[in-house]
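All remarks here apply to the structure that follows.
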Amino acid sequence: MAADLGAHICFEDEAGQALSPPRGRTWAPRGERPVVRVRGRGRGRVNTAGVSCYREGHRTHLFYKLHVYHGRKNEPKSFSWQDCRDLIAATHQHLQTPVVWCWDNLSAHLRQELADYAEENKAWPRVYQLPRYAPDLNPTEGVRSLLKRSIANFVAADLTSLTRIVKRKLKKIQYRPELIHGPHQDQEGGNYEFNLSRGGGGGRWWRR
């Protein structure tokens with residue numbers, strides 16, 4: 001479908017990172033476990049919405065949008081439907097092609113306002129929900145794993161430092177598109193297509 005439209009197929013996913021760094025492995029003398037002291041206080045976190053974009057014969061792209069939650073009263077804890085809409089529009093503007101947009105069933109993704117937006121601009125966005133509990137179908141999940149591994153050895157003093165670290169690591173991934181596994185090839189080089197249904201009905205891979 002994406003090839004027929006001359007479109008990029010885009011997979012979106014969200015993740016959040018608090019001030020406590022993810023656990024990682026390192027080297028140390030036998031019997032001397034390394035200890036890294038981190039901040040125990042603070043309810044804030046840095047939320048990331050990443051989009052991996054693929055088109056056969058073209059370079060893979062990664063775009064992202066950040067949302068910093070400071071833990072303040074009445075402050076939005078995560079992305080709103082307007083943020084999701086703006087991310088779709090910005091991705092389309094950068095790629096200059098139609099987009100086949102695939103994401104999970106997060107409540108913000110299912111807002112009627114987003115459905116209305118897709119209908120009003122149906123010439124270029126096609127929006128689909130991925131099946132529930134199927135992270136293996138979304139290659140952007142791999143980007144989240146790369147990001148968490150890359151910041152395992154960093155300790156951020158505050159949200160400003162954490163935001164700077166996350167941006168720097170994501171930018172490094174952007175310049176290495178080979179790190180982002182595409183949805184259309186396996187390790188043996190076989191091509192795959194993805195069968196999608198609108199409204200969250202599900203999807204599946206098959207080999208061609």
Side-chain angles (χ1 to χ4, degrees), residues 1-17 45-70 75-130 137-147 150 159-160 162-184 194 196 198 200:
M1 178 180 62
D4 296 336
L5 296 172
H8 280 79
I9 181 168
C10 304
F11 294 87
E12 192 267 3
D13 190 46
E14 291 94 0
Q17 178 58 51
R45 67 175 181 267
V46 177
N47 299 311
T48 307
V51 188
S52 303
C53 307
Y54 307 90
R55 187 181 178 190
E56 191 171 356
H58 292 73
R59 181 180 182 273
T60 300
H61 294 275
L62 171 68
F63 305 106
Y64 65 88
K65 184 179 181 68
L66 299 184
H67 172 274
V68 181
Y69 171 62
H70 299 87
E75 181 186 10
K77 293 184 179 181
S78 188
F79 296 99
S80 65
W81 73 266
Q82 293 95 332
D83 295 324
C84 297
R85 175 200 62 195
D86 294 344
L87 182 59
I88 297 174
T91 302
H92 166 64
Q93 184 176 12
H94 184 92
L95 295 174
Q96 292 295 304
T97 66
V99 295
V100 177
W101 195 269
C102 307
W103 54 12
D104 58 22
N105 294 280
L106 191 70
S107 58
H109 300 166
L110 302 178
R111 291 288 296 267
Q112 184 60 43
E113 293 89 344
L114 275 176
D116 295 340
Y117 175 76
E119 182 63 26
E120 292 170 3
N121 300 275
K122 58 184 179 182
W124 58 269
R126 304 288 179 90
V127 181
Y128 298 90
Q129 266 73 47
L130 292 171
L137 297 181
N138 191 339
T140 310
E141 291 276 353
V143 175
R144 179 171 64 176
S145 178
L146 285 172
L147 176 62
S150 67
L159 286 174
T160 301
L162 179 60
T163 302
R164 184 167 58 249
I165 292 171
V166 170
K167 283 184 176 180
R168 184 166 67 244
K169 296 302 180 180
L170 285 173
K171 188 169 289 292
K172 286 185 177 182
I173 298 174
Q174 281 182 315
Y175 284 104
R176 298 185 62 188
E178 71 276 5
L179 295 177
I180 310 170
H181 300 295
H184 56 277
F194 187 55
L196 293 161
R198 295 200 181 197

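Note that the structure is predicted; figures quoted are calculated from it, not measured.
The heavy-atom pair separating Pro139 from Phe11 by the smallest distance is CD-CG, 3.5 Å. The two residues Leu147 and Ile173 have their closest heavy-atom pair at N-CD1, 4.4 Å. Between Ile180 and Tyr54, the shortest heavy-atom contact is CG2-OH, 2.8 Å. Between Tyr69 and Leu159, the shortest heavy-atom contact is O-CD1, 3.6 Å. The two residues Lys77 and Arg45 make their nearest non-hydrogen contact at O-NH2, 3.1 Å. Taking every heavy atom of both residues into account, Ala15 and Arg144 meet most closely at CB-CD, 3.0 Å.
By the 4.5 Å heavy-atom criterion applied to side chains, Ile165 and Arg168 are counted as neighbours. Counting heavy atoms from C-beta on, the side chains of Arg111 and Cys84 never come closer than 4.5 Å. Using a 4.5 Å cut-off on side-chain heavy atoms (C-beta onward), Leu110 and Gln129 make contact. In this structure, the side chains of Glu12 and Thr140 stay at 4.5 Å or more apart for every pair of heavy atoms. At a threshold of 4.5 Å between non-hydrogen side-chain atoms, the residues Leu66 and Lys167 count as touching. Using a 4.5 Å heavy-atom threshold, the side chains of Trp81 and Leu106 count as separate.
One finds the CG atom of Asp104 at 8.0 Å from the CD atom of Glu141 (value rounded to the nearest 0.5 Å). Distance check: Asp86 CG to Ser80 OG gives 7.5 Å after rounding to the nearest 0.5 Å. Here the CG-NE2 distance, from Leu114 to His109, works out to 8.0 Å after rounding to the nearest 0.5 Å. A distance of 8.5 Å separates CG in Asn47 from CD in Glu14, rounded to the nearest 0.5 Å. Considering SG of Cys53 and CZ of Arg59, their distance stands at 11.0 Å, rounded to 0.5 Å. We find the OG1-NE2 distance between Thr160 and His70 to be 6.5 Å, quoted to the nearest 0.5 Å.
The neighbour count for Arg176 CZ, taken as heavy atoms of other residues, nucleotides or ligands under 6.0 Å away, does not exceed 12.
For Asn105 (side chain) and Leu130 (main-chain N/O), a donor-acceptor pair under 3.5 Å exists by modelled atom type. The closest donor-acceptor contact from the side chain of Gln174 to the backbone of Leu62 lies under 3.5 Å.
Aromatic ring pairs are classed by plane angle as parallel below 30°, tilted from 30° to 60° and perpendicular above 60°; the pair Trp101 and Trp103 is perpendicular.
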Using a 3.5 Å cut-off and no angle test, enumerate the donor-acceptor pairs between side-chain atoms of residues 89-97 and protein atoms at least two apart in sequence or in another chain.
residue : atom : partner : partner atom : Å
Thr91   : OG1  : Leu87   : O            : 2.8
His92   : ND1  : Thr97   : O            : 2.8
Gln96   : NE2  : Gln93   : O            : 2.5
Thr97   : OG1  : His8    : ND1          : 2.9

